[in-house]
Amino acid sequence: MTMISRRALLGAGIAAGAALPFSGRNVFARDTLNILSWGWGYDKAVKDAVLPRFQDASVELEIGTNAANYAKLIAQRSNPVLSGGLFNGTFSYRGYVDKLWLPLEKSSIPNGANIDDINYLETGGVVFGVQPYGVIYNPKFVDEPKSYLDLFDPKYKGKIGLSDYYFDGFSLTSKAMGKDIDDVPAGIDEWAKHLANIGPWNQSPAQVADLVERGELWMAFTFGGIAAGAIAAGKKIAFTIPSEGSTAVADVVQVLDGFDDKTTAMTRTFSGLLFDDQAQEAFTRNVFTSPVSKTAGIPAELASNPALLSPEQVARLYRPNLRLGAEKYGYYKNLVNMKLKV
(Lines give C-alpha, C1' and ligand atoms only; values in the text may rest on other atoms or scores of the structure.)
Protein backbone atom coordinates (compact mmCIF):
# COMPACT_ATOMS: atom_id res chain seq x y z
CA MET A 1 0.00 0.00 0.00
CA THR A 2 1.39 3.42 -0.99
CA MET A 3 1.33 6.07 1.76
CA ILE A 4 0.65 9.64 0.64
CA SER A 5 1.98 12.44 2.81
CA ARG A 6 -0.19 15.27 4.04
CA ARG A 7 2.07 17.69 2.10
CA ALA A 8 1.43 15.76 -1.12
CA LEU A 9 -2.31 15.74 -0.50
CA LEU A 10 -2.33 19.48 0.09
CA GLY A 11 -0.35 20.04 -3.11
CA ALA A 12 -2.74 17.86 -5.06
CA GLY A 13 -5.69 19.78 -3.67
CA ILE A 14 -4.24 23.09 -4.73
CA ALA A 15 -3.46 21.78 -8.21
CA ALA A 16 -6.98 20.39 -8.62
CA GLY A 17 -8.46 23.80 -7.77
CA ALA A 18 -12.10 23.83 -8.80
CA ALA A 19 -12.12 20.05 -9.10
CA LEU A 20 -12.43 19.90 -5.33
CA PRO A 21 -15.86 20.63 -3.86
CA PHE A 22 -16.00 23.63 -1.53
CA SER A 23 -16.19 22.85 2.15
CA GLY A 24 -16.52 25.27 5.02
CA ARG A 25 -13.82 23.19 6.78
CA ASN A 26 -10.55 22.29 5.10
CA VAL A 27 -10.55 18.50 5.17
CA PHE A 28 -6.77 18.38 5.31
CA ALA A 29 -5.92 21.21 7.70
CA ARG A 30 -6.06 20.69 11.46
CA ASP A 31 -5.57 23.21 14.20
CA THR A 32 -2.46 22.83 16.33
CA LEU A 33 -1.97 23.82 19.95
CA ASN A 34 1.52 24.48 21.31
CA ILE A 35 1.69 23.53 24.97
CA LEU A 36 4.58 23.88 27.42
CA SER A 37 5.26 20.66 29.32
CA TRP A 38 7.94 19.54 31.69
CA GLY A 39 9.84 16.38 30.92
CA TRP A 40 10.51 13.95 33.79
CA GLY A 41 7.43 11.89 32.85
CA TYR A 42 4.90 14.73 32.62
CA ASP A 43 5.14 14.64 28.85
CA LYS A 44 4.58 10.87 28.80
CA ALA A 45 1.50 11.19 31.03
CA VAL A 46 0.05 13.82 28.70
CA LYS A 47 0.80 11.76 25.60
CA ASP A 48 -0.61 8.55 27.10
CA ALA A 49 -3.70 9.78 28.92
CA VAL A 50 -4.70 13.18 27.51
CA LEU A 51 -3.84 13.41 23.83
CA PRO A 52 -5.74 10.27 22.78
CA ARG A 53 -8.93 11.78 24.24
CA PHE A 54 -8.43 15.28 22.85
CA GLN A 55 -9.84 15.46 19.34
CA ASP A 56 -10.20 19.22 18.81
CA ALA A 57 -6.67 19.79 17.48
CA SER A 58 -3.23 18.29 17.24
CA VAL A 59 -0.91 19.15 20.10
CA GLU A 60 2.79 19.97 19.99
CA LEU A 61 4.47 19.71 23.38
CA GLU A 62 7.41 22.02 23.99
CA ILE A 63 9.49 20.31 26.65
CA GLY A 64 11.38 22.53 29.07
CA THR A 65 11.54 24.08 32.51
CA ASN A 66 9.58 27.10 33.68
CA ALA A 67 12.77 28.97 34.51
CA ALA A 68 14.18 28.48 31.03
CA ASN A 69 10.96 29.37 29.21
CA TYR A 70 9.51 32.23 31.23
CA ALA A 71 11.60 34.97 29.62
CA LYS A 72 10.49 33.62 26.24
CA LEU A 73 6.83 33.91 27.27
CA ILE A 74 7.37 37.53 28.23
CA ALA A 75 9.24 38.29 25.00
CA GLN A 76 6.54 36.66 22.86
CA ARG A 77 3.53 38.11 24.64
CA SER A 78 2.60 40.36 21.68
CA ASN A 79 2.76 37.37 19.33
CA PRO A 80 2.58 34.28 21.56
CA VAL A 81 3.28 30.73 20.45
CA LEU A 82 2.37 28.70 23.53
CA SER A 83 -1.35 28.81 24.38
CA GLY A 84 -1.11 26.77 27.58
CA GLY A 85 1.27 24.93 29.81
CA LEU A 86 2.34 23.37 33.07
CA PHE A 87 3.80 25.64 35.75
CA ASN A 88 4.80 25.41 39.38
CA GLY A 89 3.12 27.66 41.92
CA THR A 90 5.82 30.33 41.84
CA PHE A 91 5.62 30.78 38.08
CA SER A 92 1.83 30.63 38.18
CA TYR A 93 1.94 33.74 40.34
CA ARG A 94 4.71 35.38 38.35
CA GLY A 95 2.57 35.04 35.24
CA TYR A 96 -0.40 36.40 37.17
CA VAL A 97 1.57 39.48 38.17
CA ASP A 98 2.77 39.88 34.56
CA LYS A 99 -0.80 39.41 33.22
CA LEU A 100 0.03 36.40 31.05
CA TRP A 101 -2.96 34.21 31.89
CA LEU A 102 -6.63 33.70 31.22
CA PRO A 103 -8.68 31.72 33.76
CA LEU A 104 -9.37 28.02 33.41
CA GLU A 105 -13.00 27.85 34.48
CA LYS A 106 -14.53 24.95 36.37
CA SER A 107 -16.93 24.50 33.46
CA SER A 108 -13.96 23.45 31.30
CA ILE A 109 -13.10 20.59 33.67
CA PRO A 110 -15.36 17.56 33.14
CA ASN A 111 -14.29 16.15 36.52
CA GLY A 112 -14.64 19.51 38.23
CA ALA A 113 -17.07 18.24 40.85
CA ASN A 114 -14.27 16.11 42.33
CA ILE A 115 -11.68 18.92 42.45
CA ASP A 116 -11.68 20.87 45.73
CA ASP A 117 -11.93 24.64 45.57
CA ILE A 118 -8.49 25.05 47.17
CA ASN A 119 -7.01 23.94 43.85
CA TYR A 120 -8.50 26.89 41.94
CA LEU A 121 -5.90 29.62 42.34
CA GLU A 122 -6.45 33.35 42.13
CA THR A 123 -3.99 33.27 39.23
CA GLY A 124 -6.65 31.60 37.09
CA GLY A 125 -4.65 28.39 37.06
CA VAL A 126 -5.77 25.12 38.62
CA VAL A 127 -3.60 22.70 40.61
CA PHE A 128 -3.65 19.28 38.93
CA GLY A 129 -1.11 17.51 41.16
CA VAL A 130 0.86 17.92 44.38
CA GLN A 131 4.26 16.64 45.41
CA PRO A 132 6.27 17.20 48.60
CA TYR A 133 9.55 19.09 48.64
CA GLY A 134 12.23 17.34 50.65
CA VAL A 135 15.68 15.80 50.45
CA ILE A 136 17.28 13.21 48.21
CA TYR A 137 20.38 11.44 49.44
CA ASN A 138 22.80 8.72 48.40
CA PRO A 139 22.60 5.81 50.89
CA LYS A 140 26.10 4.74 49.82
CA PHE A 141 27.55 7.81 51.54
CA VAL A 142 25.06 9.01 54.17
CA ASP A 143 22.27 7.85 56.44
CA GLU A 144 18.76 9.20 56.02
CA PRO A 145 18.66 12.76 57.43
CA LYS A 146 16.17 13.12 60.27
CA SER A 147 16.18 16.93 60.33
CA TYR A 148 16.98 19.65 57.84
CA LEU A 149 19.55 20.83 60.38
CA ASP A 150 21.50 17.59 59.79
CA LEU A 151 22.62 19.08 56.46
CA PHE A 152 24.78 21.56 58.40
CA ASP A 153 27.04 18.81 59.80
CA PRO A 154 30.68 19.66 58.88
CA LYS A 155 31.25 16.07 57.70
CA TYR A 156 29.17 16.95 54.62
CA LYS A 157 31.64 19.57 53.42
CA GLY A 158 31.04 20.35 49.74
CA LYS A 159 28.33 17.68 49.45
CA ILE A 160 25.01 19.48 49.99
CA GLY A 161 22.97 20.60 46.98
CA LEU A 162 20.91 23.78 47.13
CA SER A 163 18.69 25.36 44.48
CA ASP A 164 18.74 28.88 43.07
CA TYR A 165 15.59 28.38 40.95
CA TYR A 166 13.23 27.06 43.63
CA PHE A 167 13.46 28.33 47.19
CA ASP A 168 11.45 25.93 49.36
CA GLY A 169 14.69 24.45 50.70
CA PHE A 170 15.37 27.79 52.36
CA SER A 171 11.77 27.96 53.56
CA LEU A 172 12.15 24.57 55.24
CA THR A 173 15.49 25.58 56.72
CA SER A 174 13.78 28.63 58.18
CA LYS A 175 11.03 26.45 59.63
CA ALA A 176 13.60 24.10 61.16
CA MET A 177 15.17 27.16 62.84
CA GLY A 178 11.81 27.98 64.45
CA LYS A 179 10.94 30.78 62.04
CA ASP A 180 8.14 31.31 59.53
CA ILE A 181 7.87 29.09 56.45
CA ASP A 182 7.76 32.24 54.28
CA ASP A 183 10.98 33.66 55.76
CA VAL A 184 13.19 32.60 52.85
CA PRO A 185 15.87 35.23 53.66
CA ALA A 186 16.29 33.68 57.13
CA GLY A 187 16.96 30.31 55.51
CA ILE A 188 19.48 31.86 53.14
CA ASP A 189 21.20 33.65 56.03
CA GLU A 190 21.48 30.38 57.94
CA TRP A 191 23.07 28.66 54.97
CA ALA A 192 25.52 31.58 54.71
CA LYS A 193 26.95 30.29 58.00
CA HIS A 194 27.64 26.90 56.41
CA LEU A 195 29.11 27.83 53.03
CA ALA A 196 31.68 25.05 53.26
CA ASN A 197 28.94 22.42 52.98
CA ILE A 198 27.51 23.76 49.71
CA GLY A 199 28.46 21.65 46.71
CA PRO A 200 27.84 22.08 42.97
CA TRP A 201 24.77 24.07 41.99
CA ASN A 202 22.32 22.31 39.70
CA GLN A 203 20.18 23.63 36.85
CA SER A 204 17.28 21.14 37.01
CA PRO A 205 15.81 18.34 39.17
CA ALA A 206 17.14 15.80 36.68
CA GLN A 207 20.67 17.13 37.07
CA VAL A 208 20.53 17.12 40.86
CA ALA A 209 19.52 13.43 40.82
CA ASP A 210 22.55 12.71 38.62
CA LEU A 211 24.87 14.63 40.93
CA VAL A 212 23.63 12.76 44.01
CA GLU A 213 23.86 9.37 42.33
CA ARG A 214 27.44 10.05 41.19
CA GLY A 215 28.45 11.17 44.68
CA GLU A 216 29.34 14.71 43.65
CA LEU A 217 26.60 15.62 46.10
CA TRP A 218 25.50 13.39 48.98
CA MET A 219 22.23 15.18 49.81
CA ALA A 220 20.15 17.84 48.09
CA PHE A 221 16.81 19.60 48.25
CA THR A 222 14.43 18.58 45.48
CA PHE A 223 10.90 17.69 44.40
CA GLY A 224 9.64 14.41 45.82
CA GLY A 225 7.68 13.24 42.82
CA ILE A 226 10.48 13.88 40.36
CA ALA A 227 12.96 12.18 42.71
CA ALA A 228 10.69 9.13 42.97
CA GLY A 229 10.54 8.99 39.19
CA ALA A 230 14.33 9.02 39.01
CA ILE A 231 14.47 6.21 41.57
CA ALA A 232 11.94 4.18 39.59
CA ALA A 233 14.12 4.69 36.51
CA GLY A 234 17.06 3.09 38.33
CA LYS A 235 18.83 5.95 40.10
CA LYS A 236 20.62 4.70 43.24
CA ILE A 237 19.27 7.46 45.45
CA ALA A 238 16.54 7.81 48.11
CA PHE A 239 14.01 10.48 49.06
CA THR A 240 12.86 11.51 52.51
CA ILE A 241 10.84 14.14 54.32
CA PRO A 242 12.70 15.14 57.51
CA SER A 243 10.91 15.55 60.82
CA GLU A 244 10.07 19.24 60.33
CA GLY A 245 7.76 18.37 57.42
CA SER A 246 7.49 19.42 53.79
CA THR A 247 6.04 22.10 51.58
CA ALA A 248 3.36 21.39 49.00
CA VAL A 249 4.70 21.82 45.48
CA ALA A 250 1.75 22.62 43.25
CA ASP A 251 1.64 21.53 39.63
CA VAL A 252 -0.57 24.11 37.90
CA VAL A 253 -2.05 24.23 34.41
CA GLN A 254 -2.43 27.70 32.90
CA VAL A 255 -4.14 29.10 29.80
CA LEU A 256 -2.20 31.92 28.13
CA ASP A 257 -3.73 35.16 26.91
CA GLY A 258 -3.20 36.56 23.41
CA PHE A 259 -5.02 34.05 21.20
CA ASP A 260 -8.29 34.03 19.27
CA ASP A 261 -11.41 32.68 20.97
CA LYS A 262 -11.22 29.33 19.19
CA THR A 263 -7.63 28.62 20.26
CA THR A 264 -8.40 29.70 23.82
CA ALA A 265 -11.47 27.44 23.95
CA MET A 266 -9.49 24.46 22.65
CA THR A 267 -6.70 25.12 25.15
CA ARG A 268 -9.23 25.17 27.98
CA THR A 269 -10.71 21.90 26.76
CA PHE A 270 -7.27 20.31 26.59
CA SER A 271 -6.36 21.61 30.06
CA GLY A 272 -9.59 20.32 31.58
CA LEU A 273 -8.71 16.75 30.61
CA LEU A 274 -5.72 16.78 32.99
CA PHE A 275 -8.20 16.35 35.86
CA ASP A 276 -9.97 13.20 34.68
CA ASP A 277 -9.11 10.20 36.83
CA GLN A 278 -7.39 8.52 33.87
CA ALA A 279 -4.97 11.44 33.53
CA GLN A 280 -4.59 11.81 37.29
CA GLU A 281 -3.49 8.18 37.58
CA ALA A 282 -1.12 8.63 34.64
CA PHE A 283 0.60 11.52 36.45
CA THR A 284 0.81 9.43 39.62
CA ARG A 285 2.39 6.50 37.77
CA ASN A 286 4.74 8.56 35.60
CA VAL A 287 5.64 11.50 37.82
CA PHE A 288 4.66 10.24 41.29
CA THR A 289 2.45 13.22 42.05
CA SER A 290 -0.43 12.88 44.47
CA PRO A 291 -3.76 13.33 42.67
CA VAL A 292 -6.13 16.20 43.37
CA SER A 293 -9.24 14.36 42.16
CA LYS A 294 -11.10 12.87 45.11
CA THR A 295 -12.00 9.83 43.02
CA ALA A 296 -8.46 9.10 41.77
CA GLY A 297 -6.68 6.97 44.32
CA ILE A 298 -3.03 6.03 44.54
CA PRO A 299 -2.38 2.61 42.95
CA ALA A 300 -1.87 -0.07 45.61
CA GLU A 301 1.62 -0.95 44.38
CA LEU A 302 2.73 2.67 44.92
CA ALA A 303 1.05 3.27 48.28
CA SER A 304 4.29 2.87 50.28
CA ASN A 305 6.22 5.40 48.18
CA PRO A 306 7.31 8.29 50.46
CA ALA A 307 6.66 10.84 47.72
CA LEU A 308 3.00 9.84 47.28
CA LEU A 309 0.70 11.25 49.91
CA SER A 310 -2.82 10.55 51.09
CA PRO A 311 -5.33 13.43 51.17
CA GLU A 312 -4.73 13.67 54.93
CA GLN A 313 -0.97 13.96 54.43
CA VAL A 314 -1.41 16.52 51.67
CA ALA A 315 -3.55 18.60 54.03
CA ARG A 316 -0.64 18.72 56.53
CA LEU A 317 1.90 20.06 54.06
CA TYR A 318 3.10 23.62 54.52
CA ARG A 319 1.73 25.97 51.87
CA PRO A 320 4.05 28.93 51.37
CA ASN A 321 2.64 32.22 50.18
CA LEU A 322 2.98 31.76 46.43
CA ARG A 323 2.17 35.37 45.63
CA LEU A 324 4.96 36.54 47.94
CA GLY A 325 7.33 34.00 46.42
CA ALA A 326 6.56 35.25 42.93
CA GLU A 327 6.95 38.90 43.87
CA LYS A 328 10.25 38.23 45.65
CA TYR A 329 11.66 35.71 43.17
CA GLY A 330 14.34 38.03 41.77
CA TYR A 331 15.18 39.31 45.24
CA TYR A 332 15.65 35.78 46.59
CA LYS A 333 17.80 34.82 43.62
CA ASN A 334 20.01 37.87 44.17
CA LEU A 335 20.36 36.99 47.87
CA VAL A 336 21.48 33.48 46.94
CA ASN A 337 24.00 34.85 44.46
CA MET A 338 25.39 37.43 46.88
CA LYS A 339 25.47 35.36 50.07
CA LEU A 340 25.93 31.75 49.00
CA LYS A 341 27.88 31.87 45.73
CA VAL A 342 30.99 33.52 47.10
Heavy atoms of other groups near Glu327 CD, more than 12 under 6.0 Å: yes

Gap separating the CH2 atom of Trp201 from the NZ atom of Lys341, nearest 0.5 angstrom: 5.5 Å

Lys236 atom NZ, neighbour heavy-atom count above 12 within 6.0 Å: no

Residue from Phe91, Tyr93, Phe87, Tyr165 passing ring-ring contact (aromatic ring centres under 6.0 Å, His included) with Tyr70: Phe91

Any donor-acceptor pair under 3.5 Å from Arg268 side chain to Pro103 backbone: yes

Lys235/Asp210 ion pair, N-O < 4.0 Å: yes

Side chain Asp251, main chain Asn88, donor-acceptor under 3.5 Å: no

Within one Ile-Leu-Val-Met-Phe-Trp-Tyr cluster: Ile160 and Tyr166, side-chain cutoff 4.5 Å: yes

Side-chain donor/acceptor of Ser246 to backbone N/O of Ile241, under 3.5 Å: no

Side chain Thr247, main chain Tyr318, donor-acceptor under 3.5 Å: no

Residue pair Thr222 / Tyr133: nearest heavy atoms and the distance that separates them: O-CD1, 3.4 Å

Geometric class of the Phe141/Trp218 ring pair [parallel <30°, tilted 30-60°, perpendicular >60°]: parallel

Aromatic ring proximity, centroids under 6.0 angstrom, Phe221 and Phe170: no

Straight-line distance of Lys47 NZ to Ser37 OG, nearest 0.5 Å: 8.0 Å

Geometric class of the Tyr42/Phe283 ring pair [parallel <30°, tilted 30-60°, perpendicular >60°]: tilted

Modelled atom types, side-chain donor and acceptor of Ser204 and Thr65, under 3.5 Å: no

Connected via hydrophobic side-chain network under 4.5 Å: Val292 and Phe270: yes

NZ (Lys157) with more than 12 external heavy atoms under 6.0 Å: no

Thr173 vs Trp191, side-chain contact (heavy atoms from CB on, under 4.5 Å): CA-CA, chis, key distance, verdict: CA-CA 8 Å; Thr173 299; Trp191 270 104; 3.2 Å; yes

Short side-chain to backbone donor-acceptor contact, Glu281 and Gly297, under 3.5 Å: no

Under 3.5 Å side-chain donor-acceptor pair for Thr263 and Asp260: yes

Hydrophobic cluster membership, Phe223 vs Tyr148, 4.5 Å side-chain cutoff: yes

Exercise: identify the closest heavy-atom pair between Ile298 and Leu309: CD1-O, 3.4 Å

Ser58 side chain vs Asp31 backbone, donor-acceptor pair below 3.5 Å: yes

Tyr331 reachable from Leu322 in the ILVMFWY side-chain graph, under 4.5 Å edges: yes

Residues that Tyr332 engages under side chain to side chain donor-acceptor pair (under 3.5 Å), provided they are two or more places apart: none

Check: Ser293/Asn111 side-chain N/O donor and acceptor closer than 3.5 Å: yes

Euclidean distance, Asp182 CG relative to Lys328 NZ, rounded to 0.5 Å: 11.5 Å

Distance (rounded to the nearest 0.5 Å) between Leu211 CG and Met219 CE: 14.5 Å

Minimum heavy-atom distance between Asn138 and Gly215, given as atom pair plus value: ND2-N, 4.3 Å

Heavy-atom closest pair, residues Ile237 and Ala230: CD1-CB, 4.3 Å

Over 12 foreign heavy atoms within 6.0 Å of CD1, Ile63: yes

Pair Phe239 and Tyr137, ring centroids less than 6.0 Å apart: no

Candidate pair Thr240 and Glu144, rule side-chain hydrogen bond (donor to acceptor under 3.5 Å, both in side chains), full reasoning: CA-CA 7 Å; Thr240 189; Glu144 178 183 4; 2.5 Å; yes

Ile188 side, atom CD1; Lys333 side, atom NZ - distance, nearest 0.5 Å: 11.0 Å

Ion pair Glu244/Lys175, N-O distance below 4.0 Å: no

Pairwise distance CD(Gln254) to CG(Leu102) - rounded to 0.5 angstrom: 10.0 Å

Non-hydrogen side-chain atoms of Pro132 and Val249 separated by less than 4.5 Å: no

Contact summary for Ile115 and Phe275, nearest pair of heavy atoms: CD1-CD2, 4.0 Å

Side-chain donor/acceptor of Gln207 to backbone N/O of Gln203, under 3.5 Å: yes

Path from Tyr120 to Leu86 over hydrophobic side-chain contacts below 4.5 Å: yes

Exam field: side chain Asp168 to backbone Ser171, donor-acceptor pair closer than 3.5 Å: no

Leu273 versus Arg53, closest heavy-atom pair with distance: O-NH2, 3.4 Å

side-chain contact (heavy atoms from CB on, under 4.5 Å) assessment of Leu195 paired with Val342: CA-CA 8 Å; Leu195 292 177; Val342 294; 3.5 Å; yes

Full working for side-chain contact (heavy atoms from CB on, under 4.5 Å) between Tyr96 and Arg323: CA-CA 9 Å; Tyr96 177 62; Arg323 177 192 279 270; 3.4 Å; yes

SB check Glu301 Arg285 (cutoff 4.0 Å): yes

Worked check of side-chain contact (heavy atoms from CB on, under 4.5 Å) between Val126 and Ile109: CA-CA 10 Å; Val126 185; Ile109 302 176; 4.3 Å; yes

pair Arg319-Val314: side-chain heavy atoms closer than 4.5 Å: yes

Main-chain N/O of Ile118 paired to Asp116 side chain as donor or acceptor, under 3.5 Å: no

Salt bridge flag under 4.0 Å for residues Asp257 and Arg77: no

salt_bridge(Glu190, Lys179) N-O dist < 4.0 Å: no

Backbone N/O of Lys72 and side chain of Asn69: donor-acceptor pair under 3.5 Å: no

Name of the residue among Thr269, Leu61, Thr267, Asp56 meeting side chain to side chain contact (heavy atoms under 4.5 Å, CB included) with Leu33: Thr267

